[in-house]
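This report concerns only the one structure given below.
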Amino acid sequence: MQKIIISFVISALLGFGIGYLVFDVVMGDSGNEPQVAQTENTDTNQAKEESTDSKETAATTASVSDDNILNKRGCLGCHSVEALNLKGGVTGPDLSKAYENVEGKHGKPIEEFLKQPTSAVMSGVIGGNPLTDDQRQQVLDLLKQASEAK
């Protein structure tokens with residue numbers, strides 16, 4: 001009986017040790033890499049190249065800069081806005097059409113959704129750290145701009 005227990009303990013230790021070596025040391029620990037939202041602003045580059053663009057283009061460039069509200073509030077940690085070339089996480093959906101689609105998906109206009117989200121995930125995110133009226137308006141403006149971009 002004692003040999004069986006010793007064999008079991010040695011086998012378990014070998015199994016965990018080999019598992020650790022294969023999954024953590026050999027394959028790397030990719031799960032602990034920090035995820036940073038990347039923003040790429042090609043509109044700025046485009047604006048530099050095309051100096052004859054209208055004031056509207058300049059306003060667009062300013063609103064999707066790196067210090068936009070979605071980046072400040074951490075939205076880009078889970079979402080991207082491809083229409084504005086804002087690269088972000090892939091956990092959440094692309095927000096390019098959120099301005100138009102939120103009411104159909106969540107049963108209330110986007111402005112109301114941002115005040116009181118109906119999804120469990122967004123309730124947890126926004127509920128603990130609600131947007132101010134000014135921040136909400138900035139998000140709405142940016143998402144409206146994204147929905148009109150494509």
Side-chain angles (χ1 to χ4, degrees), residues 11-150:
S11 297
L13 289 174
L14 284 173
F16 285 121
I18 290 171
Y20 170 76
L21 287 174
V22 170
F23 291 110
D24 204 43
V25 176
V26 175
M27 296 177 73
D29 192 11
S30 62
N32 290 337
E33 292 177 11
Q35 294 182 356
V36 177
Q38 296 177 353
T39 59
E40 186 175 315
N41 192 348
T42 59
D43 289 338
T44 301
N45 295 334
Q46 184 179 11
K48 290 178 183 175
E49 293 172 4
E50 299 175 12
S51 61
T52 59
D53 286 347
S54 67
K55 290 180 180 180
E56 182 179 323
T57 301
T60 300
T61 302
S63 64
V64 294
S65 64
D66 290 344
D67 64 341
N68 66 67
I69 187 67
L70 298 177
N71 203 19
K72 286 180 185 174
R73 291 293 301 214
C75 304
L76 296 178
C78 296
H79 300 278
S80 61
V81 186
E82 294 295 328
L84 299 177
N85 205 20
L86 294 173
K87 305 291 181 201
V90 294
T91 305
D94 180 13
L95 298 178
S96 296
K97 294 295 180 187
Y99 190 81
E100 301 166 354
N101 297 340
V102 163
E103 187 167 3
K105 284 184 174 180
H106 299 285
K108 55 172 63 173
I110 189 166
E111 186 170 352
E112 295 301 316
F113 180 81
L114 291 173
K115 290 178 184 174
Q116 288 185 323
T118 54
S119 73
V121 172
M122 291 308 295
S123 293
V125 172
I126 293 178
N129 191 11
L131 297 168
T132 65
D133 290 342
D134 184 50
Q135 290 172 332
R136 191 170 30 260
Q137 189 58 51
Q138 289 178 39
V139 170
L140 290 171
D141 291 344
L142 203 57
L143 294 179
K144 183 177 181 183
Q145 183 182 346
S147 71
E148 294 170 350
K150 281 191 172 180

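The chain is numbered in sequence order, starting from 1.
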Backbone of [Y] reached by a side-chain donor or acceptor of [X] within 3.5 Å:
X	Y	result
Gln137	Asp134	no
Thr91	Cys78	no
Asn101	Lys97	yes
His79	Leu95	no
Ser147	Glu100	no

Working to the nearest 0.5 Å, report the span between [atom1] of [X] and [atom2] of [Y].
X	Y	atom1	atom2	result
Lys108	Phe113	NZ	CZ	8.0 Å
Cys75	Leu131	SG	CG	7.0 Å
Lys87	Asn71	NZ	CG	14.0 Å
Gln145	Tyr99	CD	OH	12.0 Å
Arg136	Asp141	CZ	CG	12.5 Å

Can you find a pair of side-chain heavy atoms, one from [X] and one from [Y], that are under 4.5 Å apart?
X	Y	result
Asp94	Ser80	yes
Glu111	Leu140	yes
Val81	Leu142	no
Ile110	Leu114	yes

Minimum heavy-atom distance [X]-[Y], with the two atoms named:
X	Y	result
Val102	Pro109	CG1-C, 4.5 Å
Ala146	Ala83	O-CB, 3.3 Å
Gln135	Pro130	OE1-O, 4.3 Å
Ala98	Leu143	CB-CD1, 4.3 Å

Residue pairs, two or more places apart or on separate chains, that pass salt bridge (Lys or Arg N to Asp or Glu O under 4.0 Å) and touch residues 68-80: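 Found none.
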In this structure, are over 12 heavy atoms from other groups packed under 6.0 Å from Gln116 atom CD?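 Not more than 12 within 6.0 Å, no.
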For atom NZ of Lys144, is the number of surrounding heavy atoms from other residues, nucleotides or ligands below 6.0 Å larger than 12?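 No, NZ of Lys144 has 12 or fewer neighbouring heavy atoms, counting only those of other groups under 6.0 Å.
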